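Below is one structure, written out as structure tokens, with a few remarks after it.
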Amino acid sequence: MLSVDNFSISFTEIEISKLEVNGPDAVLLECLRLFNMICCFGKKDERTKTIEKELHKERKIMRRQINLLLLGSGESGKSTFVKQMHIIHGAGEFTADEVRAYRQQIYQNAISAMRVLLDARNKLGIAWEDPKRQVEVEKVMRFTVGDLLKGIDFTTFVEVAPIISDFWNDAAIRKTYEQRNLFQISDSCQYFFEHIPRIAMPDFYPTNRDILFCRKATRGISEHIFEINKIPFRFIDVGGQRSQRQKWFQCFTDITSILFMVASNEYDQVILEDRRTNRVVESRSVFETIVNNRAFSNVSIILFMNKNDLLQEKVPKSDIRQYFTDFTGDHTLVRDVQFFLVDKFEASRRDRARPFFYHFTTAVDTENIRRVFRDVRESILEQNLKTLMMQ
């Protein structure tokens, strides 16, 4: 509600949502218009002038704000990137409540991933190194999806932690894990399996690195604002799964740049939604739609070829030619695979005169993201220098 002396005007939620469709500037302009209308009834008092001054100040800040939209398919690393921004440009640490929530999520990650491996081992027909371990399988498999979604507490986790650790040491589970491109499993599970003794301690308090590896699918839209060198950067993170992409269009107003994330190590994997479409092919298809959208003709789109660490591990073991028959380089060289994938995305752009920016990243590596985002920030600010100088 806006109120001056004896006059007041209220906004309904519907009216506000209609204004927000045209961006935050439209809301502020409407506020100014209504105040001017109110003030026509009499001379502006000091209170009115103060409110108008604050509205102008807020509008100036919003016009200087850099709005970055994070897009990409599921599990490409968007949320991990936002966590890095919190570490690098935010508080540097997570709150006690956030850490407690991540602790439960880490318990869930470990149990869920071992359930997937046990099921895959059985379907692939891989024999146990130690057959006696079969009797313990049900103690992990008994957890339902509902149980995992509700959350796993310490008491529950500590009961199965030794079993999970024992399974991970069996050659059958390791062999199953090596064939993980055949099924759906989080990239971070190995990290947690190797840290089970520490995670199962009563005083376990997740570190920043633990939190970076923690996986939780993004649902809906989340926004995070960090002030970097006195300029506000607003990061908009949206879910990357197909079911979440219809929400992307709600975020297309007043965007400065799009950071498009690709999991470059997924060239031999298929998406969860249909278990047929190659993940890189899916990402490229989404990128093609975004980069050629007229709504983004004046928006810089920066490609992040993410999970470079996992790509380096995978290239010697998985021949990219089996999944992309048009690959002509040396399939054992990471550099050749990297630039082949970049070329796939670059070739999807129709406007060849438009600048094309890309970076090879490892989202869980804080120093790598610190360096990359410094370059990205300078590039974005340079492109928007004229707008910023006018404020």
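Counting from 1, the numbers follow the sequence of the chain as shown. Keep in mind that this is a model prediction, so the values were computed, not measured.
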Where the side chain of [X] meets the backbone of [Y], is there a donor-acceptor pair that is under 3.5 Å apart?
| X | Y | value |
| --- | --- | --- |
| N306 | S76 | yes |
| K78 | M261 | no |
| R354 | V291 | yes |
| D147 | T144 | yes |
| R115 | F143 | yes |
| H195 | Y191 | yes |
| D170 | D166 | no |
| Q184 | V270 | yes |
| Q65 | R234 | no |
| R279 | D268 | no |

Angle between ring planes, F360 versus Y358, binned at 30° and 60°: parallel, tilted or perpendicular?
perpendicular
When the ring planes of W168 and F193 are compared, do they come out parallel, tilted or perpendicular, using 30° and 60° as the limits?
tilted
A quick test of your reading: do over 12 heavy atoms of other residues, nucleotides or ligands sit less than 6.0 Å from CG of N298?
no
Are there over 12 heavy-atom neighbours, none belonging to M141, within less than 6.0 Å of that residue's CE?
yes
Distance only, no hydrogens: is a donor on one side chain within 3.5 Å (strictly under) of an acceptor on the other, for [X] and [Y]?
| X | Y | result |
| --- | --- | --- |
| N368 | T362 | no |
| T256 | N67 | no |
| D153 | Y107 | no |
| S79 | D237 | yes |

Taking the side chain as C-beta and beyond, is there a heavy-atom pair between [X] and [Y] under 4.5 Å?
| X | Y | answer |
| --- | --- | --- |
| L118 | F167 | yes |
| H89 | R377 | yes |
| W128 | I173 | yes |
| L71 | I301 | no |
| N308 | Q338 | yes |
| F287 | I258 | no |
| L68 | F373 | yes |

Distance, nearest 0.5 Å, that separates [atom1] of [X] from [atom2] of [Y]:
| X | Y | atom1 | atom2 | result |
| --- | --- | --- | --- | --- |
| N181 | Q322 | CG | CD | 9.0 Å |
| E75 | I271 | CD | CD1 | 11.5 Å |
| Q179 | L124 | CD | CG | 5.5 Å |
| R276 | N278 | CZ | CG | 13.0 Å |

Less than 6.0 Å separating the ring centroids of [X] and [Y]?
| X | Y | value |
| --- | --- | --- |
| F304 | F81 | yes |
| F324 | Y267 | no |
| F192 | F157 | no |

Before you tell me yes or no, could you show the steps for E313 and N265 under side chain to side chain donor-acceptor pair (under 3.5 Å), namely the whole-Å CA-CA distance, both residues' side-chain angles and the distance that decides it to 0.1 Å?
CA-CA 9 Å; E313 291 178 13; N265 66 308; over 6 Å; no
Ionic contact status for [Y] with [X], cut-off 4.0 Å:
| X | Y | result |
| --- | --- | --- |
| R370 | E367 | yes |
| D319 | R321 | yes |
| K317 | E178 | yes |
| R284 | E288 | yes |

ILVMFWY cluster, [X] and [Y] together (side-chain gap under 4.5 Å):
| X | Y | value |
| --- | --- | --- |
| F183 | V140 | yes |
| I231 | V376 | yes |
| I211 | L70 | no |
| F233 | I88 | yes |
| I225 | L69 | no |

Does NZ or CZ of R180 come closer than 6.0 Å to the centre of the six-membered ring of Y177, within 45° of the ring's axis?
yes
Looking only at heavy atoms, the pair that brings S348 and N292 closest together is O-ND2, 2.9 Å
What one should report as the nearest heavy-atom pair of H224 and V82 is CD2-CG1, 3.4 Å
Show your working on side chain to side chain donor-acceptor pair (under 3.5 Å) between Y205 and D210 and close with a plain yes or no.
CA-CA 9 Å; Y205 194 84; D210 295 333; over 6 Å; no
